[in-house]
Amino acid sequence: MLKFILQSFNSENSGFNTTINLPKEIDLSQLKDVQILLRFSAADDGNPTATLPVTDQWSNKYDLTANQGSFDYVKVNGNTVEVQGWHASNLSYGKPYQYIIVLQNGREIGRSIVMGSEGNLVRLDVERVFPGILNSGQSGFQSSVVLNTNLRNTAIQLIHRFTDDPVGNGNYIDINSPVYVVKDSYQTSGSFNSDSMRAKRDLTAQRIAQKLMQQQGISVLYDWTNQNNNYQELTIHDIA
């Protein structure tokens, strides 16, 4: 096969790399089975004629609406929900903020932004299964949500959301978990991947910040990778 390719005309200069800007009126959320056509043509406009035939190469079909995910681990204890999973979506482009939202009987009872090191975790297993989805290799997330409501003897559902809105609304794309029936507590199989000291400190700092926000009604930042707010984030991590 390699010998055949090397004998093909201009094979040593056969690579290409380009960007195609689509019209703004095109709704990407409706684009399924998209294909790309590579064409060799002698005509200025690229169209075939009786005297100027073309050579075409079609790509595979791509689903620009692909939206896949999983909640791999969920633990509910008292008023705290810990969650770990992955979410890969071609519709996440232009939506840099991630949120975990907790629903009780279909009504939101709390949310938490997925900060810094908690999102975009490496998931090579996901990339192997979904290589055609944007950022599938960095689709992992882990977070916790501290609520005002005790979750005993209830049923909850979780949402992971990509959004263009800093507070978690705006334009968004979601995945929903199954409904979890909680008695005294709840935990799926497996364990929360927080073995590293950094991950444990991140989670503890997040819980401290959420508790302060609930009690004081103020905004408390805890993403220690951002050091532009009078080192407030680092202070929270020192406490953690």
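Hydrogens, waters and symmetry mates are skipped; everything else that's a heavy atom, side chains included, is used. Please read all numbers here as calculations on a predicted model, not as lab measurements.
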- Task: Measure the OH-CD1 distance between Tyr172 and Ile101 for me, rounded to the nearest 0.5 Å.
- Result: 8.0 Å
- Message: How long is the straight-line distance from CG of Asn148 back to CD1 of Ile109, given to the nearest 0.5 Å?
- Response: 9.5 Å
- Message: Within the 4.5 Å heavy-atom criterion, are Val146 and Asn79 side-chain neighbours or not?
- Response: yes
- Item | Exercise: identify the closest heavy-atom pair between Phe71 and Val74 | CB-CG2, 4.2 Å
- Message: Taking the side chain as everything from C-beta on, heavy atoms only, tell me whether Tyr99 gets closer than 4.5 Å to His160.
- Response: no
- Query: Is a donor on one side and an acceptor on the other found under 3.5 Å between the side chain of Asn90 and the backbone of Asp63?
  - Reply: yes
- Message: For Tyr186, give me all partners under ring-ring contact (aromatic ring centres under 6.0 Å, His included), at least two apart in sequence or on another chain.
- Response: Tyr180
- Message: Assess the residue pair Ile159 and Leu103 against the criterion (side chain to side chain contact (heavy atoms under 4.5 Å, CB included)); give the C-alpha distance rounded to whole Å, side-chain angles, the decisive distance to 0.1 Å, and a yes or no.
- Response: CA-CA 8 Å; Ile159 294 173; Leu103 306 179; 3.8 Å; yes
- Message: Closer than 3.5 angstrom, by distance alone: can the side chain of Asp164 be matched with the main-chain N or O of Asn171 as a donor-acceptor pair?
- Response: yes
- So how far is it from Ser144 OG to Asn77 CG, rounded to the nearest 0.5 Å? 12.0 Å
- Note on the structure: Between Ser112 and Val145, the two heavy atoms sitting closest are CB-CG2, 3.7 Å
- Task: Would you mind reporting whether His87 and Asn67 have side-chain heavy atoms less than 4.5 Å apart?
- Result: yes
- Message: With a 4.5 Å cut-off on side-chain heavy atoms, are Val167 and Tyr97 touching?
- Response: no
- Message: If you compare all heavy atoms of Val179 against all heavy atoms of Ala155, which two are closest, and at what distance to 0.1 Å?
- Response: CG1-CB, 3.9 Å
- Query: Of the non-hydrogen atoms in Gly94 and Pro96, which two are nearest, and what is the gap between them?
  - Reply: O-CD, 3.4 Å
- Query: Below 4.5 Å, heavy atoms only, C-beta onward: do Leu158 and Val102 meet side chain to side chain?
  - Reply: yes
- Asp45 atom CG, neighbour heavy-atom count above 12 within 6.0 Å: yes
- Query: Do Gln84 and Thr188 have side-chain heavy atoms sitting under 4.5 Å apart?
  - Reply: no
- May I ask you to list the residues sharing a hydrophobic cluster with Val129, side-chain cutoff 4.5 Å, ordered by chain and number? Trp86, Val126, Phe130, Ile133
- Item | Thr163 and Asp165: side chain donor to acceptor below 3.5 Å | no
- Item | Expected output: side-chain Arg111 to main-chain Gly168 donor-acceptor under 3.5 Å | yes
- Query: Does any non-hydrogen side-chain atom of Leu147 lie less than 4.5 Å from one of Val81?
  - Reply: yes
- Message: Ignoring hydrogens, what is the shortest heavy-atom contact between Gln104 and Leu151? Give both atom names and the distance.
- Response: NE2-CD2, 4.3 Å
- To the nearest 0.5 angstrom, please state how far the OG1 atom of Thr80 sits from the CG atom of Asn150. 9.5 Å
For residues 35-44, tabulate all N or O donor-acceptor pairs below 3.5 Å that involve a side-chain atom, not counting sequence neighbours.
from  : atom 1 : to    : atom 2 : distance (Å)
Gln35 : NE2    : Ser59 : O      : 3.0
Arg39 : NE     : Asp56 : OD1    : 2.7
Arg39 : NH1    : Gly46 : O      : 3.0
Arg39 : NH2    : Asp56 : OD2    : 2.9
Ser41 : OG     : Ala43 : N      : 3.0

- Mind checking whether Gln142 and Val83 have side chains closer than 4.5 Å, heavy atoms only? no
- Task: Provide the closest heavy-atom pair for Asp72 versus Ser70 in the form atom of the first, atom of the second, distance.
- Result: OD1-OG, 2.8 Å
